[in-house]
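Report on the structure given below.
Any value given below was found using the heavy atoms of this structure, including those in side chains, with hydrogens, waters and symmetry copies removed.
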Amino acid sequence: MKAQCILCETIDELDDKKFKTKQLRNKPIRMYLCPECEGRIAEKTVARINTGKFEFHKPKTKSFIEKPAKR
C-alpha cells in the first residue's frame, strides 16, 4: 500500500501486514506521517515538555526522557 505523508508529501510503500497499514486501510481518515517527520515531531514535543511550561490536560502517566528512542 502506498501512503503519503501529510507534512512533507513524500510517498512511501508500506508493508501490508503491519498494524499501521491496516489502520490506514480500515479508517482512511487517519493521517500518515513518514518516519522522519514522526521523529522530528517527537523530538520537539519532548523538548517542549522538558521546558516545564507545557501543561498536560490529562494526568501524567510516564516520565519523559531528554531524547526519544530511535526506531
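Nearest approach of Leu33 to Lys20, heavy atoms of both residues: O-NZ, 4.1 Å.
Residues meeting the side-chain contact (heavy atoms from CB on, under 4.5 Å) test with Glu36, sequence neighbours left out: Cys34. The side-chain contact (heavy atoms from CB on, under 4.5 Å) search around Thr45 returns Ile41, Arg48, Ile49, not counting sequence neighbours. With sequence neighbours excluded, the residues satisfying side-chain contact (heavy atoms from CB on, under 4.5 Å) with Lys17 are Asp15. Partners of Arg40 according to the salt bridge (Lys or Arg N to Asp or Glu O under 4.0 Å) rule, which considers only residues two or more places apart in sequence or in another chain, do not exist here. For the side-chain contact (heavy atoms from CB on, under 4.5 Å) test, residues two or more places apart in sequence or in another chain that qualify with Met31 are Ile6.
The structure places CG of Leu14 at 11.0 Å from NZ of Lys2, a figure rounded to the nearest 0.5 Å. Here the OG1-OH distance, from Thr10 to Tyr32, works out to 6.5 Å after rounding to the nearest 0.5 Å.
The pair Asp16-Arg25 counts as a salt bridge, with a side-chain nitrogen and a carboxylate oxygen less than 4.0 angstrom apart.
Looking at heavy atoms from C-beta onward, Pro35 lies in side-chain contact with Asp12 at the 4.5 angstrom threshold.
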